[in-house]
Amino acid sequence: MSPNGYGLRVFLFWAVTAFAAATFVVAVQRTQLEADLRDMREKIDMYEALNNSNIGLHRARRETDGDIDYRLPTTVKPAHYELYLHPNLEAGTFMGQEKIRINVLEATNQIVLHSQQLTFTSVYVLDREVENYELDEGRQLLIVNVKETIAVNAVITLGLVFEGKMLGKLTGLYSSSYSTPAGQNRNIATTKFEPTYARQAFPCFDEPALKATYAISVVHPNSGSYAALSNMNEEDSMNLGEETMVTFATSVPMSTYLACIIVSDFDSESSTVRANGIGSDFTMRVFATPHQLNKVTYALQFGVAVTEYYIKYFNVEYPLPKLDMAAIPDFASGAMENWGLITYRETALLYDGNYSSTGNKQSIAAVLAHEITHQWFGNLVTMQWWNDLWLNEGFARFMQYKGVDAVHPDWGMLEQFQILALQPVLLFDAKLSSHPIVQKVESPDEITAIFDTISYEKAGSVLRMLESLVGSEKFQAAVTSYLTKFKYGNTVTDDFLTEVAAQVSDLDVKQLMRTWTEQMGYPVLNVVRTSETTFIITQQRFLSNKDSYDEVVDPVEFGYKWSVPVTYILPSSAEVNSVVFGYDQDTLDIAVPSNVEWIKLNVHQIGYYRVNYESSIWSALIQQLLDEPTRFDIADRAHLLNDAFALADASQLSYRVPLEMTAYLAGERDYVPWYVASSNLLSLEAKLMFSDSYANYVSYARSLLTNVYKQVGWTVESDNHLGNRLRSVVLDAACELGLPDCLDQAEQRFTKWLSEPTEENRPAPDLRQVVYYYGMRQTSSEANWEALLELFKAESDASEKLKLMYGLSAVQDAQLLYRLLDLASDETIVRSQDYFTVLQNVADNPVGLPIVWDYYRENWQKLVARFGLNDRNFGKVIASITNRFATELKLQEVQAFYAKYPEAGAGAASRQQAIETIKININWLKENQNDIASWLDGSAAPLTSKNPL
């Protein structure tokens with residue numbers, strides 16, 4: 001491009017758009033702006049034609065040793081973005097312009113940054129001549145070639161003018177919409193950038209370590225009460241006639257994935273967060289569609305309280321002048337921690353006591369606590385690369401339970417960590433298809449896929465174990481030191497462990513933690529008694545399928561041995577004993593008094609491992625549960641149930657042990673143990689459904705539920721959080737297992753409400769999911785289903801819609817289930833964010849499972865076209881809808897599907913998990929079916945607990 005052409009382009013670019021008002025202060029009216037813009041584009045087109053030979057737009061692909069190199073070169077680093085975005089809400093498109101100030105770290109004649117799904121009007125470098133630029137679509141790169149080499153330490157400015165589309169996606173800069181109570185459709189624009197979608201909204205150096213400051217300007221319509229939001233506070237605005245350009249204050253240094261804008265007509269409520277001397281007080285605002293503003297009060301109150309707790313716990317100030325939270329009608333994730341402007345699904349932020357259940361309220365608190373944690377862990381201090389994602393997500397998962405517990409100590413959240421985080425990931429991590437916490441990833445698909453239960457739940461569980469090992473005060477001091485030392489920077493795993501190690505003098509924390517972060521899986525500790533005064537412990541990797549032990553071929557440094565923080569209690573004392581079982585030890589001996597009847601390891605299930613005992617110890621533990629269950633606290637009762645069932649499922653323990661243990665449940669009244677028991681009882685029911693022992697099993701399971709079912713009843717107590725959670729679990733289990741009174745109650749309430757759907761007849765929020773689902777399943781008439789569908793379509797509350805949608809999936813008519821899948825493809829009926837929830841709901845219905853499997857395969861190419869292979873929710877669905885397959889025929893069908901469609905994108909790991917789960921299910925039937933049948937034949941009724949709780 002000629003120097004003169006370059007100069008004219010730059011002048012028109014900045015002068016016409018009034019971008020970067022600090023440099024060009026130009027007052028323009030809308031008509032003049034449009035005329036100048038047309039003139040600018042005509043001149044740009046002329047220079048593009050004149051220099052066509054020098055500007056190359058083509059697809060490029062660089063490969064290293066046969067593998068695609070997705071990482072950016074290290075020759076340059078961004079320092080500051082001046083970014084202007086102009087969404088067109090009606091057309092669903094946007095225009096953007098930016099200047100990026102770049103520091104040159106190595107002499108180069110090439111600037112490489114990310115870009116995806118953008119078209120360019122202009123690409124230039126101030127005071128340099130651009131030879132050409134290339135779009136590498138495979139690696140999502142924009143490569144700008146400069147004629148002369150740029151010297152090291154130079155500071156250059158890259159300018160770009162670009163356009164993009166907002167429709168048909170939930171990533172990058174995209175459109176969402178909602179209907180007002182009057183039926184008017186309102187469009188908004190919002191963003192979702194994590195992990196690699198910022199490049200869909202503006203060209204950028206889209207890697208977490210390449211932090212820079214941002215000066216963002218956004219154009220919004222003046223009509224319809226529209227306004228713009230971004231990470232920082234509004235600093236200035238310029239009226240452009242029918243639109244206004246808002247300029248926000250320059251941000252602190254942050255990663256690209258944390259940038260955010262919203263253009264909407266939302267309303268908000270606000271409150272003040274008190275910093276109590278750790279930084280300055282600041283304003284928190286919660287935004288929602290105007291007709292739902294009454295639903296933000298709880299989020300605002302909780303948000304303020306949990307933020308104040310985190311400021312005190314971290315002892316590190318919140319560095320921004322405000323913290324906004326917004327409920328987005330369409331959102332791909334549960335929420336996104338954009339710095340200073342957190343975005344949520346409506347179900348994750350909005351609470352209305354007339355619609356929201358106790359579970360909904362708890363979920364809202366948990367999500368808010370998680371995202372607000374990220375304002376420090378992830379935003380203030382960010383992982384160097386996605387390999388160490390756990391430093392973001394593991395901490396947020398761990399801290400969210402502390403945060404909710406601090407605000408709601410009566411909810412028992414520290415015990416609920418065990419059932420909601422730890423136990424589910426133990427199932428996932430017991431498979432060969434798992435992966436280490438620190439996992440090498442390179443491509444966007446690999447990065448997207450690592451946002452899984454290992455990076456969240458396992459990482460959080462290991463942090464919980466580490467805190468218990470080193471002590472809460474030392475752990476907290478390490479956290480504060482870590483956040484302070486690396487403020488605005490990037491870290492790797494060793495950086496955090498160094499801070500913990502500095503607090504501990506008698507333990508090699510780094511070596512211990514490496515056994516947990518660098519190896520997938522976890523151990524089972526096997527306990528045997530060798531004398532009256534000695535227990536001996538050994539360890540081995542725990543795998544869900546015994547055949548998997550023959551398939552382990554990948555060597556690892558620690559040989560699948562772990563340094564295990566072992567805790568234990570004995571019958572004679574409440575004292576918790578502890579010792580570390582090193583990965584390099586063959587055995588661990590524990591000396592006890594001679595009269596000890598049992599030993600119980602992993603107190604409160606804080607440790608990330610399972611425990612198996614020889615039969616005499618199991619018998620003693622079960623007898624203790626029957627005689628005096630309160631000798632074990634809530635967490636330990638839940639742990640014993642969880643380990644016993646998991647070990648039996650893995651063919652490492654006779655199923656007689658967990659079945660004998662369930663006898664104590666006739667007297668159990670606490671939520672956490674019943675949550676574990678319920679999930680296992682229902683899992684058994686599903687596995688035995690087509691076996692000869694099914695009737696005996698269901699009869700036994702119902703007998704366990706009879707007492708607690710009568711106690712919880714159908715009357716909701718608004719101020720009893722754990723009581724309401726227990727009721728929901730018990731009613732769901734009782735109805736699923738066919739307890740006659742439960743099904744009758746659900747059907748009566750459902751029929752009454754459906755015949756006259758008034759607020760007076762509508763079930764209490766805590767009962768609705770059970771009533772809608774089992775009421776629909778019991779009636780299963782087409783007329784009732786159509787009536788429920790119409791109520792679903794008309795409902796505007798997001799949490800209520802999910803309950804109604806769940807109810808629709810319970811119908812026992814295959815044609816209606818197929819119709820539901822078809823309706824889910826219509827975004828005017830089911831939002832795109834909820835599509836996979838519909839698939840999962842229908843697959844959970846035994847009548848619907850084969851329908852979903854056929855539908856998924858037949859519509860695969862349409863689904864790929866709609867969601868793309870990079871969508872992590874799409875990738876995960878194969879494992880979730882096939883998790884009940886248990887025959888060789890189904891295994892072959894899944895394998896044939898993979899062979900037909902080998903490209904899996906972000907779902908590659910999920911495909912492996914699906915195969916492994918089916919093999920586990922097949923093996924389970926071979927190993928356990930006869931054992932269970934034999935036990936049931938001899939134990940038609942539960943034993944009586946001597947001291948029911």
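Since the model is a prediction, treat every value here as computed from it, not as a measurement. What's counted below: heavy atoms across the whole structure, side chains too, no hydrogens, waters or symmetry copies.
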*About how many Å separate OG1 of Thr190 and CG of Leu170, when rounded to the nearest 0.5 Å?*
10.5 Å
*asked:* Under a 4.0 Å threshold between the charged nitrogen and the carboxylate oxygen, would Asp834 count as salt-bridged to Arg831?
replied: no
*Working for ring pair (Phe, Tyr, Trp, His ring centres under 6.0 Å), residues Phe836 and Phe874*: CA-CA 7 Å; Phe836 297 116; Phe874 180 33; 5.8 Å; yes
_With a 4.0 Å cut-off on N to O distance, would you call Lys890 and Glu893 a salt bridge?_
yes
*asked:* Using 30° and 60° as the class boundaries, would you call the ring planes of Tyr310 and Trp376 parallel, tilted or perpendicular?
replied: perpendicular
*Carefully, step by step, assess Ser825 and Tyr855 under the rule side-chain hydrogen bond (donor to acceptor under 3.5 Å, both in side chains).*
CA-CA 12 Å; Ser825 298; Tyr855 189 93; 3.3 Å; yes
*Can you check side-chain hydrogen bond (donor to acceptor under 3.5 Å, both in side chains) on His370 and Glu393, steps first, answer last?*
CA-CA 9 Å; His370 182 100; Glu393 300 301 348; 3.1 Å; yes
*Does the side chain of Thr882 reach to within under 4.5 Å of the side chain of Thr917, using non-hydrogen atoms?*
no
*Is Lys77 salt-bridged to Glu207, cutoff N-O under 4.0 Å?*
no
*Please check if the distance between the ring centroids of Tyr482 and Phe496 is under 6.0 Å.*
yes
*asked:* To the nearest 0.5 Å, what is the distance between CG on Leu173 and CD1 on Ile261?
replied: 5.0 Å
*Please test Gln840 against Ser880 for side-chain hydrogen bond (donor to acceptor under 3.5 Å, both in side chains), starting from the C-alpha separation and ending with a verdict.*
CA-CA 7 Å; Gln840 184 60 61; Ser880 62; 2.7 Å; yes
*Criterion ring-ring contact (aromatic ring centres under 6.0 Å, His included) against Trp860, the qualifying member of Phe897, Trp853, Phe867*: Phe897
*asked:* Less than 6.0 angstrom separating the ring centers of Tyr257 and Trp386, yes or no?
replied: yes
*Please determine if Glu557 and Arg514 form a salt bridge, counting it only when a charged side-chain N lies under 4.0 Å from a carboxylate O.*
yes
*Using 30° and 60° as the class limits, which term best fits the ring planes of Tyr401 and Phe417: parallel, tilted or perpendicular?*
perpendicular
_Nearest 0.5 Å, please: how far is OG1 in Thr213 from CE in Met254?_
9.0 Å
*asked:* Taking the six-membered ring of Tyr560 as reference, does the cationic atom of Arg541 (NZ for Lys, CZ for Arg) lie under 6.0 Å from its centre and within 45° of its axis?
replied: yes
*asked:* Can you confirm if the aromatic rings of Phe542 and Tyr522 lie within a centre distance of less than 6.0 Å?
replied: yes
_For Lys165, is the NZ atom crowded, meaning more than 12 foreign heavy atoms sit under 6.0 Å from it?_
no
*Geometric class of the Tyr214/Phe202 ring pair [parallel <30°, tilted 30-60°, perpendicular >60°]*: perpendicular
*Is it true that Phe398 and Trp390 have ring centroids separated by less than 6.0 Å?*
no
